[in-house]
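Read through the structure below, which is laid out as structure tokens, and then see the notes.
Computed from heavy atoms alone, side chains included, the values below leave out hydrogens, waters and symmetry copies. In the text below, chain A, chain B and the rest are named by the order of the sequence lines, each starting its count at 1.
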Protein chains: 2
Amino acid sequence: MRKGFLILTSVVRKGFLTCIFVKEADLTTQRARGGRVTIHDLARVAGVSVSTVSKALNDNGRMAAETRARIKRMAAEIGFRPNALARGLLSSRSFTIGLLTNDTYGRFTLPVMAGISDALVDHGVSVFLCAIEDDPALGKVHVDAMLDKQVDGIIATGKRIDRSLPVDLAGLPVPVVYAFTAGASDSVTFTADDAQGAALATAWLKKLGRRRLVHITGPEDFVSVRERASAFASEAGEGGSVRYGVWSESWGHQAVADLWSAGGPLPDGIFCGNDQIARGVVDALRERGVKVPEDVSVIGFDNWEILAEQTRPPLTTIDMNLKELGREAGLMVLALAEGRPAEPGLRKLPCKLVVRQSCGGAQTN
Amino acid sequence: MRKGFLILTSVVRKGFLTCIFVKEADLTTQRARGGRVTIHDLARVAGVSVSTVSKALNDNGRMAAETRARIKRMAAEIGFRPNALARGLLSSRSFTIGLLTNDTYGRFTLPVMAGISDALVDHGVSVFLCAIEDDPALGKVHVDAMLDKQVDGIIATGKRIDRSLPVDLAGLPVPVVYAFTAGASDSVTFTADDAQGAALATAWLKKLGRRRLVHITGPEDFVSVRERASAFASEAGEGGSVRYGVWSESWGHQAVADLWSAGGPLPDGIFCGNDQIARGVVDALRERGVKVPEDVSVIGFDNWEILAEQTRPPLTTIDMNLKELGREAGLMVLALAEGRPAEPGLRKLPCKLVVRQSCGGAQTN
DNA sequence: GTTCTATGAGAAAAGGTTTTCTCATATTGA
DNA sequence: TCAATATGAGAAAACCTTTTCTCATAGAAC
């Protein structure tokens, strides 16, 4: 065996065993790199230059079809995968985006994240998740770290459309898309269509023959609360009334107690601002001996499955299609990163009705 | 003004306005780069070479203290931040790790993620979140993408310690740390100390004077269920019995119904396998007219705040310190990435008791 | 046999940073 | 004044990939 040389790998090609000799120094280099195989290794093994390898793998340049195929085959054999850092340095595309979020429990962020990831993984894009927990300093640290890492874009997401993240994303050198959080007026923003969702819920109650409708919802300072209440009011007509409160089960309980002790005509349909309130309402009604859905239909909002499915009876509710929203936001930020233009403005995505048992009515939809 | 030159920026230094002239070609380059300022721009502005700038900013090499300070000041002025891609290419450290997860709802993953991020953001490390949803193909795609991006390490996390992710992480060129999921025997794995947590819960019930104890928990094929049950049994002594079921509220309801209709002596303390079961138990007891905590103390497991706080009364429960677990896993993967050695094996982190009202007893702890 | 074209493949530069090596100048001592 | 040393700063290579440009060879046409 040649002195100072070692066998790197042996390849069986066309039935012949070919031994590849590499200088010991090269192997040492390779060790230091963590055993990663580079395009140079592949070129050496294939007996061509690195440029030829690159062109072969990227279907660029002119070359004999046989050469291209052979190089591709050997690349697969030795497990060559191009270093995305080097690639990104050259192309100024890192195939990486950042997801900035405010939402600690992830009730909104996780489905959105799932949609983003789902849409972008096919494009080779990975997602940095940065939870900033309402802390401006932490937000800045994360944004700086993302920019240092040359993210191709940023998606900012929060819990409500009428508050912005505690960090300034204007004037960044990368595109920013907002989801469920407020952006500048000339930015691209995605949110759920609250009015349409509320109308959907109210129409469903009416379709089931309910006429004395109440909307028990969250704090009036949420713009989405006002939009839903307004849509509810116009859909419900004369019979509809709205009660504002907080986003908790106990508010649902209390609202039922208030209604049933008020002495007026009792509602036969209740549209709740979220599934937690609905859970409280359903529990309170059961405790009063009011039958759901026989006496009263209750519909929630959010389709927070882990809660909606465990309620007795399971909640019919409105789903904001958060995963789809994430998917669209992901594709949008990708488009912007690739220089494709997009019209700024607020995009409202439709909600859908999820029928379980708390309203009665057809299970099929 | 000089032809072919443009003002890049103007700097006020020592009271003098200094105009920096750059060739138009350079500016065009700059534009194409997305307006990012490089070390070359900084070197030009500071009137030194790039190597001097690099050494100044990294506190390397010999140079006049005044020069170093001046370069640092100008770097801050023009907002220079080194390109992490270029840096990573050279150092083979990307300051990036991947978090692989199985857990769609993120009940476990999100706190763990928060801990990881919290521990690593100070070290300039960002985290790729990859949800693979039990899909081996998707898992491979994500792992490959992370490796291409030269992550410094991977943290694998799941929902239970006795199942592994549907993707092979052995023999990867980067360190892997497991949290709440099974790894190879020679790997570093973190999990909560189920036995200690269960003992803590049981001891708390006993300390409150409860003697007829029941443990209502999840499926017996979970190793954590068996460990908790075993610890419960030895702590509870003669009076303790265990009922296995599923992880749902309705199982909590049913278990209470079973117990109260069995005709034997009724329990005065119930330790539940998770907060959902505890919620079901508490609701069922209230509906039977059994007072919690006066007649029966109920304690949960998980400290899933959004559920525990909304239960009536709010749940006393065991917290698995998931954020701390994430923090330790993050620091561990960082240590391994930096070549510091670590002993393989399973590390069990202690749980803590969170006192609310479902057991009675002191609010202070 | 000679010139032109087509084809295949290699050389080199670029991307932004860090590190090592080299060089020039200033300072010290004799 | 000259040599030796200390000091500050620049040049160049390296990391890995892609792309453009150039070159060599084979075949075709005259």
Side-chain angles (χ1 to χ4, degrees), chain A residues 25-26 28-44 46-71 75 78 80-95 124 147-150 173, chain B residues 25-26 28-44 46-71 75 78-95 124 147-150 152 173:
Chain A
D26 290 352
T28 310
T29 308
Q30 175 144 9
R31 281 244 183 70
R33 272 200 318 270
R36 238 98 160 197
V37 35
T38 75
I39 199 172
H40 288 93
D41 301 321
L42 177 51
R44 200 179 322 117
V48 295
S49 72
V50 290
S51 24
T52 302
V53 171
S54 175
K55 285 183 293 188
L57 297 181
N58 295 307
D59 287 325
N60 277 347
R62 292 179 312 198
M63 104 185 24
E66 192 275 333
T67 309
R68 200 183 290 277
R70 183 171 56 90
I71 293 174
I78 69 171
F80 167 73
R81 314 210 85 221
N83 181 325
L85 262 40
R87 206 177 222 181
L89 189 55
L90 203 54
S91 65
S92 46
R93 284 285 315 275
S94 66
F95 288 92
L147 292 178
D148 289 353
K149 279 159 191 145
Q150 311 291 115
Chain B
D26 291 351
T28 311
T29 309
Q30 176 144 8
R31 281 243 183 68
R33 272 199 320 268
R36 238 98 161 198
V37 33
T38 75
I39 200 173
H40 288 94
D41 301 321
L42 177 50
R44 201 179 323 118
V48 294
S49 73
V50 290
S51 24
T52 302
V53 171
S54 175
K55 285 182 293 186
L57 297 181
N58 296 307
D59 287 325
N60 278 346
R62 294 178 311 197
M63 100 185 29
E66 193 274 336
T67 309
R68 201 183 289 276
R70 183 171 56 88
I71 292 174
I78 70 172
F80 167 73
R81 314 211 86 221
N83 182 325
L85 261 42
R87 204 175 225 183
L89 188 54
L90 203 54
S91 65
S92 48
R93 284 284 314 274
S94 66
F95 288 91
L147 292 178
D148 290 352
K149 281 160 190 142
Q150 312 290 117
D152 297 333

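Map B/L89 and B/S49 each onto its nearest nucleotide of DNA chain D; the residue landing nearer the 5' end is B/S49.
The shortest side-chain heavy-atom distance between A/D148 and B/F95 does not fall under the 4.5 Å cut-off. Counting heavy atoms from C-beta outward, A/R70 and A/V48 have side chains that approach closer than 4.5 Å.
Distance CG (A/D59) to P (D/dT17): 17 Å, rounded to an integer number of Å. In this structure, A/M63 atom CE and C/dA6 atom C1' are separated by 16 Å, rounded to whole Å. A straight line from CZ of A/R68 to C1' of C/dT7 spans 13 Å, rounded to a whole angstrom.
Within the nucleic acid shown, A/T67 comes within 4.0 Å of sugar-phosphate atoms alone, with no base atom in reach, counting heavy atoms only.
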Collect all protein-nucleotide pairs involving nucleotides 17-25 of chain C in which both atoms are nitrogen or oxygen and the distance is under 3.5 Å.
residue, atom, partner, partner atom, Å
C/dT17, OP1, B/N83, N, 3.0
C/dT17, OP2, B/I39, N, 2.4
C/dT18, OP1, B/N58, ND2, 3.4
C/dT18, OP1, B/R87, NE, 2.8
C/dT18, OP1, B/R87, NH2, 2.9
C/dT18, OP2, B/S54, OG, 3.1
C/dT18, OP2, B/N58, ND2, 3.4
C/dT19, OP2, B/N60, ND2, 2.8

Run the side-chain contact (heavy atoms from CB on, under 4.5 Å) check on A/K55 and A/I71 step by step: do they pass? CA-CA 10 Å; A/K55 285 183 293 188; A/I71 293 174; over 6 Å; no
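The pair B/R68-B/D59 counts as a salt bridge, with a side-chain nitrogen and a carboxylate oxygen less than 4.0 angstrom apart.
Here the straight-line distance linking atom CZ of B/R44 with atom OG1 of B/T38 works out to 7.0 Å at 0.5 Å rounding. A distance of 11.5 Å separates CG in B/N83 from CZ in B/R81, rounded to the nearest 0.5 Å.
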